[in-house]
Protein chains: 2
Amino acid sequence: MTVSRVLNGQGGASPETSERIRQIADEMRYRPNALARGLKSDKSRIVGVLVPDIANPFFPEIIRGIESVAMQNGYNLLLCNVVESAEREIDLMQILESQRVDGIVWCSARLPEQSLIKALQGYKAAVLVNRSVAPSIAGSIMIDYRSGAADAARHLWSLGRRRIGVLAGPIASQGAAERLEGIRMAFGGLGTEAVAIVHCKPDVGGGAVASRQILADHPHIDGLICYNDLNAVGALQTCEALNIGVPQDLSIIGFDGISLAELVRPQLSTLHVDKYSIGQLSMRMLLDRIDGKFIQHSIVIRPELILRGSTSKA
Amino acid sequence: MTVSRVLNGQGGASPETSERIRQIADEMRYRPNALARGLKSDKSRIVGVLVPDIANPFFPEIIRGIESVAMQNGYNLLLCNVVESAEREIDLMQILESQRVDGIVWCSARLPEQSLIKALQGYKAAVLVNRSVAPSIAGSIMIDYRSGAADAARHLWSLGRRRIGVLAGPIASQGAAERLEGIRMAFGGLGTEAVAIVHCKPDVGGGAVASRQILADHPHIDGLICYNDLNAVGALQTCEALNIGVPQDLSIIGFDGISLAELVRPQLSTLHVDKYSIGQLSMRMLLDRIDGKFIQHSIVIRPELILRGSTSKA
DNA sequence: GTGAAAGCGCTAACAA
DNA sequence: TTGTTAGCGCTTTCAC
C-alpha cells in the first residue's frame, strides 16, 4: 500500500521510505500493470480509433492529431482498420468493447443508421468523424461537404464550365450524399445540373476507372468534381492516357487537400480541410465525453477552396 | 464457472444450460472483460506497433500487413507514432510495458544500440523492422538496402551518369548507413565515388531542401540517389523550380516504391519493396516469438529495381 | 506514517 | 454436469 502511494506520488510516506521504494522499484524494473489498474478502476486509458483505410492519406493525419491529444492526456490508441467492410465494423465493436476502451473515435463509419446506433451503445464515450447521430449517442466532427461541393460547383461555373461530371465516391458514404446535395443546390441556383454522376471506390484506381467510364458516356464534359483528391488523381491519369488536356479541356477539382494534391501535375485544385485539427478536436471532444462533460456535441469544419493548376483559366 | 466454460466453448455443460447461458449473455450484452482475462493469464492479446511517422506512406502499408495477420490471430494493435524523437521512443517503451503488450513490432528504431537493447528487454517478444540486434533480443526484418543502393548506383552508371549526388536521409538511421555502404561498394568496383552526400529529413520537404543544397554546391551532378521516394519527390520539385530537366540533365532514383512514385511526373524509378508483406512477415515472426518458437531470427528482403521516367535514357 | 482487508472479472484446479 | 476456492496486481477504505 505504501508502495502504491509512493509510486503514484500521493505522498503520505516518510522521505526515507519513499526513496527506498523508488530505488527498489527502479532496480527491479517495476512497471505498474495497466491491466490490473484498469480492472480495478474500470478505465483502460485506451481509446479505439477506427478508420476505413489507413493507406488513404486522409486518415494518417487525423490519427496523428488524435494521438497528439491522447498522448498529452495519458491515453493510448488501439488502431483498427475497417478495410471498407460493414461486417468488420461490427466485429470490431465487439473487440473494442471487450478491451474496455474508454471511448472510440470512429472515422467515416459506413454502417446504416440503426446498426451504427446499436454498435455505439456499448461505449461510455464516442465521437464520430464524418458522420452524425443523436448527441446523446456520440459527438461528431463534420466536414461541411455540402457547402464545399457547392463552392466547387460555383467555381467551375465561374470558369465557364457548363457540362459537369461527378465522381461521387462510395454509395454508403454519408459525405458522398452531402457533396451531391451541395452540387445540386449550387447548380439549382444557376438553373442547371450535373451531366453525369458515377459512384466509385475512394482511391486512385477507383477514380481512374470511374472517370474513364464517365468520359466514355459523356465525352463532352468540361468539368469534373471528385469525391476526394485520390479520385481526382485517378481522373488525371485517365486524362493523361486519353490525351485530354487538364485544365484546357477539362477542369478537375478534388476534396480533402492531401499533400498529394500539390505533388501531381497539374496541381490539383481542392477543398482543403485541416485533418490534423480534426484529429485533435475529435480527441478533445472524446476526452470531454469520457469525463462526463458534454460541452459540444457537434463541430462543423468548413472546407477551404484552394485553386491550383487543374482549374486554372488557361 | 459454468458460464465461463460455455462462453469459451469448452463444452462440459448440458445443452439446455448452455443455451440458456448464451441467451442471457446475449440479452445483457455481455462482453468478456479483456482486462481481467489479461490480468489472470498474463497475456493481453495486444501488440505494440511503433513507427517513426504514420504520415510517411511507407508505414501505413506495413501496418496493414501487421494488422491483417494480427487480426487473424486475435490480436489488436496499440499504435504509437514516435514522431522521430528518441526521448519519445523511451517513453513509449515504458507505456507499452505497463500495458503488458504481448510483443512489439518496432519499425525503423533510431535509438542507439545500447539504449535499444535496454528498451527491448522489457518485452516477452519483439521484432524490429529495418534494424537488427542479437536474435535473443529481437527478431528482425531487414531490407537489403546495401544491395539496393548498389543496384541504383550501377544503374545510374550504366546510363552514363558519372557525377552522382546522394540524399542520405536521417543520420541516425541504420538503413541510411547501409545505403551509403552499398553505393560506396558499387562505385568502388567502378573506380569512382559519390560527388556529394547530404543528410536530410525523410520527407518531401527534406528532399527539396537537401537537393537544393546539393545542387548549389555541385551544379554539375547528373545523377541523384535518394534515401526514399519522398526525398526523390522533393528533389523533383527542386528541379522543376530550377528548371533542371529530369531525366535529361539529372537522373533521379528513389527507394521504397510507394504509390506516390508512380503519380508524379516524371514517374520515379525506385527500389521497390513489398511493404504489406513486410508487415505480415514481421507479425508472423512476432507470433512465433510470443509462442516461444524461434524459427527464424532474421529475414532479408531484397528491393527490386523499377525503372521509370526519372531515369529513362532520353 | 503504515498496513490489512476486500474486490474488480476472469479462470485453473479441484471438489461435489 | 456444476460449483467452490483462490489469486492475477491494483487501489479504496478503514484501522492501527
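To find a chain, count down the sequence lines: A is the first, B the second, and so on, and within it residues start at 1.
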> Roughly how far apart are B:Ser68 OG and A:Asn81 CG, rounded to 0.5 Å?
Replying inline: 10.0 Å

> OP1, OP2 of D:dG9 versus side-chain N and O of A:Arg37: anything below 4.0 Å?
Replying inline: no

>> Between C1' on D:dT11 and CG on B:Leu35, what's the gap in Å once rounded to a whole number?
In response: 14 Å

>> How long is the straight-line distance from CD of B:Gln99 back to CZ of A:Arg37, given to the nearest 0.5 Å?
In response: 10.0 Å

> At under 4.0 Å, does any side-chain N or O of B:Ser4 touch on OP1 or OP2 of C:dT11?
Replying inline: yes

> So what is the end-to-end bend of the helix from C:dG1-D:dC16 to C:dA16-D:dT1, with 5 pairs used at each end and the value given to 10 degrees?
Replying inline: 50°

> Between atom CD in A:Gln10 and atom C1' in D:dT13, what is the gap in whole Å?
Replying inline: 13 Å

> Are A:Arg88 and B:Glu67 close enough, and set up right, to give a salt bridge (charged side-chain N to carboxylate O under 4.0 Å, His left out), and what steps lead you there?
Replying inline: CA-CA 13 Å; A:Arg88 173 119 166 93; B:Glu67 197 193 32; 3.4 Å; yes

>> Could you tell me how far apart B:Asp42 (CG) and C:dC10 (P) are, to the nearest whole angstrom?
In response: 18 Å

> Rounded to the nearest 0.5 Å, how far apart are CZ of B:Arg110 and CZ of B:Arg131?
Replying inline: 9.5 Å

> Once you round it to whole Å, what is the distance between P of C:dT11 and CG of B:Leu7?
Replying inline: 9 Å

> What do you reckon, are the aromatic ring centroids of A:Tyr145 and A:Phe255 less than 6.0 Å apart?
Replying inline: yes

>> Run B:Asp256 and B:Lys275 through salt bridge (charged side-chain N to carboxylate O under 4.0 Å, His left out) and show every step you take.
In response: CA-CA 8 Å; B:Asp256 291 353; B:Lys275 297 156 285 296; over 6 Å; no

> Any ion pair linking B:Asp102 and B:Lys124 (charged N to carboxylate O, less than 4.0 Å)?
Replying inline: yes

Pairs under 3.5 Å (N/O, protein and nucleotides 2-6 of chain C):
residue: C:dT2; atom: OP1; partner: A:Thr17; partner atom: OG1; Å: 2.7
residue: C:dT2; atom: OP2; partner: A:Ser14; partner atom: N; Å: 2.8
residue: C:dG3; atom: OP2; partner: A:Thr2; partner atom: OG1; Å: 3.2
residue: C:dG3; atom: N7; partner: A:Arg5; partner atom: NH2; Å: 2.8
residue: C:dG3; atom: O6; partner: A:Arg5; partner atom: NH1; Å: 3.1

> Reckon A:Asn8 touches a base, only the sugar-phosphate, or nothing at all at heavy-atom distances under 4.0 Å?
Replying inline: sugar-phosphate

> CE of B:Met28 versus C1' of C:dG9: gap in Å, rounded?
Replying inline: 12 Å

> Expressed in angstrom and rounded to an integer, what is the separation of A:Ile21 atom CD1 from D:dC10 atom C1'?
Replying inline: 15 Å

> Atom OG of B:Ser18 and atom CD of B:Gln23: how far apart are they, to the nearest 0.5 Å?
Replying inline: 12.5 Å

> How long is the line joining CG of A:Asn33 and C1' of C:dC10, in whole Å?
Replying inline: 14 Å

>> Heavy-atom nearest nucleotide on DNA chain D for B:Pro15 versus B:Arg100: which residue maps closer to 5'?
In response: B:Pro15

Check: residues 285-301 of chain A side-chain donor-acceptor pairs under 3.5 Å, at least two apart:
residue: A:Arg289; atom: NH1; partner: A:Pro135; partner atom: O; Å: 3.2
residue: A:Arg289; atom: NH2; partner: A:Pro135; partner atom: O; Å: 2.6

>> Can you measure A:Glu19 atom CD to C:dG1 atom P for me and round it to whole angstrom units?
In response: 16 Å

